[in-house]
Amino acid sequence: MKLSEIGNTLREIRVTPVKTLGQNFLHDQNLARWIVQQAELSSADFVLEIGPGLGAMTEPALATGAEILAIEKDGRLADFLRVHFAGRRLQVIHGDALEFDPRRLFQHGPVKLLGNLPYYVSTQILLHFLAQPTPITVALLMLQKEVATRLSAQPRSKDYGILTLIVQAQYRVAYLRTVPSSVFLPQPDVDSAFVRLLPRAPDELPAHDHELFVRLVRRGFSQRRKQLGKLLREELTDWPRAAAEIGAAAQARAEELSLEQWIALTNFVQPAGPPTAGTDLTERFAVVDKRDRVTGAAPRDEVHGNNLRHRAVHIFLFNRAGELLLQKRSRWKDRHPGLWDSSAAGHVNAGEEYDATAERELFEELGVTTKLERVAKLAASERTGQEFIWLYRGEHEGPFVPARAEIDSVQFFPLDAVAQWIDRRPDDFAPGFIECWRADRSRNERASQNNPA
Ligand code: SAM
């Protein structure tokens, strides 16, 4: 929208820009088009736009054919957008972006995040949507220049700090350009900048405990001028040895450590350990007949290669909110790499019983134990990969210690979000999980029919 159009539209819909909502509307159409070009959109893309306002960026994004979900806090603007872009591939949610549950994005597949963010809340929005795991594959954001500088800062600069490290541990940040305040109506008090964030590949940085990393960084930057040796006394009894190990000076301050050194320090305090053994090719599974009676044992590759009937367990863990824990299978798994699966699952070894397997798998895969209850038995079929499966349920709030060689990440999901996700994108899931999900749902339906409220 041109400057004059913005003025006219605001008058027509009787809106005076609200400072507390960070309403500064972009009127430089070339810049809006350039921003959208950075997203390399096509009709195959799904875009989440935060704070679309009067649609300065929505318009060129829709022109690419992409589908857009936009979240706008100002109801008057949300209504305007619905009418203005009626019939286009745009859904407008009237609400606060911070109240939108990012886990509901997975059902849309890979998501591109776009936004000229309201500055009063830009950092919170950024951290809300970029927490891992996320389906967001690129984020293109206009921010106040100061925040953009902090995100892309390098060690030994005044802008390098907690936000820098938390974001850079998971994303590669590129500061693309500075944007003068004159391209907005009304003009904000500060300049802006446009940044691109790309998620790091899982093995780009050494594995580490992210929560501990964040704790150490926060403590280390709590007093910027103070030496780390003094600030980290509670976490680290032998700072001189840690400093030597990570290649830092004994008198180092927080801003002198690179991202890699902070990760190394995290691993010094609590080593991430080697990846647990992945697929063990020497494993022998129980082989069974069509009535699930054990007839012998065979190595994994023979069982799978010859489609022999065998046994497996799946475990669904729920938290107190009734959400289901899903695991994203590691990219290195021989079967269904990168797909979403039950909380834990595994094969019954030769000489082992179902219940013992369930307990073992839960501990090996997630590092926890809890009471497990049998839910349903699934017969061996093509859909289960010739596995007889006992499905178990249990409750656990975490934290979990996912086996690194097996699992990329774990995440609790609301059940309706899982149902919608399965409906829209069944291929995101391991087939055995979908069978178990259906068995669990029909058991629940039967239970609620028998015990109507
Ligand atoms: N994208 C438009 C543009 O470039 O002209 C508007 C950008 S303006 C800087 C920020 C927009 O975010 C405003 O439309 C404002 O109403 C909206 N907004 C403010 N707080 C929000 C929140 N918490 N969640 C969603 N939208 C919000």
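Both counts, for ligands and for their atoms, begin at 1 and track the order of listing. Because the structure is predicted, anything quoted here is derived from the model rather than measured.
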Nearest non-hydrogen protein atom, [atom]:
| atom | answer |
| --- | --- |
| atom 2 (C) of ligand 1 | Pro52 O, 3.2 Å |
| atom 23 (N) of ligand 1 | Asp96 OD1, 2.9 Å |
| atom 26 (N) of ligand 1 | Lys73 N, 3.3 Å |
| atom 18 (N) of ligand 1 | Pro118 CG, 3.7 Å |
| atom 19 (C) of ligand 1 | Leu21 O, 3.1 Å |
| atom 1 (N) of ligand 1 | Gly51 O, 2.8 Å |
| atom 3 (C) of ligand 1 | Asn116 ND2, 3.5 Å |
| atom 5 (O) of ligand 1 | Leu26 N, 2.8 Å |

Is ligand 1 less than 4.0 angstrom away from at least one heavy atom of [X]?
| X | answer |
| --- | --- |
| Gly95 | yes |
| Leu98 | no |
| Leu54 | no |

Near Ile71, which atoms of ligand 1 are under 4.0 Å from a heavy atom of that residue?
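Those qualifying, in numeric order: 25 (C), 26 (N).
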Provide the number and element of each atom of ligand 1 under 4.0 Å from a heavy atom of Asn24.
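Counting from 1, the qualifying ligand atoms are 7 (C), 8 (S), 9 (C).
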Have a look at ligand 1 and work out which part of [X], if any, has a heavy atom under 4.0 Å from it: side chain, backbone, both or neither.
| X | value |
| --- | --- |
| Leu77 | side chain |
| Ala97 | both |
| Tyr120 | side chain |

Pick from Pro17, Gly22, Gly115: the one approaching atom 8 (S) of ligand 1 most closely through a non-hydrogen atom:
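Selected option, by shortest heavy-atom distance: Gly22.
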Considering Met57, Met1, Gln23, Glu72, which one's heavy-atom position lies nearest to atom 14 (O) of ligand 1?
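Considering heavy atoms of Met57, Met1, Gln23, Glu72, the nearest to atom 14 (O) of ligand 1 sits in Glu72.
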Heavy-atom side-chain contact between [X] and [Y] under 4.5 Å:
| X | Y | result |
| --- | --- | --- |
| Pro431 | Arg383 | no |
| Leu415 | Trp437 | yes |
| Trp34 | Leu176 | yes |
| Leu163 | Val167 | yes |

Nearest heavy atoms of Asp440 and Phe316, plus distance in Å:
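Scanning both residues, the minimum pair turns out to be CB-CE2, 3.8 Å.
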Minimal non-hydrogen separation, Tyr160 against Phe221, with atom names
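Distance-wise, the nearest heavy atoms are O-CE2, 3.5 Å.
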Side-chain donor or acceptor of Lys112 paired with backbone N/O of Glu40 under 3.5 Å:
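Pair found, side chain donor or acceptor close to backbone of Glu40.
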With distance as the sole test, does Arg89 use its side chain to make a donor-acceptor pair with the main-chain N or O of Ser43 at under 3.5 Å?
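Flag set: sc Arg89 to bb Ser43 pair under 3.5 Å.
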Quick check with a 6.0 Å cut-off and a 45 degree axis cone: is Arg393 positioned over the face of Phe318's six-membered ring?
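Yes, cation above the ring, under 6.0 Å and within 45°.
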Salt bridge check: are Asp96 and Lys73 linked by an N-O gap of less than 4.0 Å?
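Counted as a salt bridge, because a side-chain N and a carboxylate O are separated by less than 4.0 Å.
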Ring centres under 6.0 Å, that's the criterion: do Phe413 and Trp421 meet it?
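Centroid separation for Phe413 and Trp421: below 6.0 Å.
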